[in-house]
Amino acid sequence: REVQRALLEMDQSELAAQAANIKGWIPTLSYMELRNMQEKLDFISKNPTTGQMECIRGTAMYDSITCPSGYFKQTEAEVAAGCAKLKLACPTDSSCTCKPCTKAFDVDVFQVNDTSA
């Protein structure tokens, strides 16, 4: 912490700053918000054996797709054709996925009484 404090307080006119050709330092960023988003979107999850957070990787890109609540994953064929359907080009050496999730419709359930019996 002392080194961090000294670097943050260093003025660009000091010899050390001039020798290193630096203007100054800024505090480190917190990546907690990014990590929380990754967990919420199921990009990472806790390994039940080790208790460590790990990236979730399937054997194929399709297996790694997780849709948010209220959406469902399209079929593998629909996902594969998704970018072409949207007229979006994918570079030859890349794997692209465009809109793999579809918003689910609200379903109303009504009781039907069979009056024919």
Step by step, would you call Gln52 with Asn47 a side-chain hydrogen bond (donor to acceptor under 3.5 Å, both in side chains)?
CA-CA 5 Å; Gln52 299 292 317; Asn47 180 317; over 6 Å; no
Would you please test Ile44 and Glu54 for side-chain contact (heavy atoms from CB on, under 4.5 Å) and show each step?
CA-CA 5 Å; Ile44 60 173; Glu54 297 178 352; over 6 Å; no
Rounded distance [0.5 Å steps], NZ in Lys85 versus SG in Cys98:
12.0 Å
Could you check whether Lys73 makes a cation-pi contact with Tyr62, meaning its NZ or CZ is under 6.0 Å from the centre of the six-membered ring and within 45° of the ring axis?
yes
With disulfide bond (SG atoms under 2.5 Å apart) as the criterion, how do Cys83 and Cys90 come out once you've worked through the C-alpha distance, each side chain's angles and the decisive distance to 0.1 Å?
CA-CA 7 Å; Cys83 293; Cys90 182; over 6 Å; no
One pair to check against side-chain contact (heavy atoms from CB on, under 4.5 Å): Arg35 and Met53. What are the steps and the verdict?
CA-CA 10 Å; Arg35 188 202 166 280; Met53 296 304 285; 3.1 Å; yes
Is the OH atom of Tyr71 crowded by more than 12 outside heavy atoms at less than 6.0 Å?
no
With no hydrogens and no angle check, is any side-chain donor or acceptor of Glu9 less than 3.5 Å from a backbone partner on Ala6?
no
What do you reckon, is CG of Leu15 surrounded by more than 12 foreign heavy atoms closer than 6.0 Å?
no
Expected output: side-chain Gln74 to main-chain Gly82 donor-acceptor under 3.5 Å:
no
Nearest 0.5 angstrom please: Leu88 CG to Lys99 NZ, how far?
9.5 Å
Whether Glu14 side chain and Asp11 backbone form a donor-acceptor pair below 3.5 Å
yes
Judged by atom type as modelled, is there a donor-acceptor pair below 3.5 Å linking the side chain of Gln18 to the main-chain atoms of Ser13?
yes
Near Glu33 CD, under 6.0 Å, is it more than 12 heavy atoms from other residues, nucleotides or ligands?
no
From NZ (Lys40) to OG (Ser69), nearest 0.5 Å
10.0 Å
Does the Cys67 SG fall under 2.5 Å from that of Cys101?
yes
Which residues end up grouped with Met10 if you chain together Ile, Leu, Val, Met, Phe, Trp and Tyr wherever their side-chain heavy atoms are less than 4.5 Å apart?
Val3, Leu7, Leu8, Ile22, Trp25
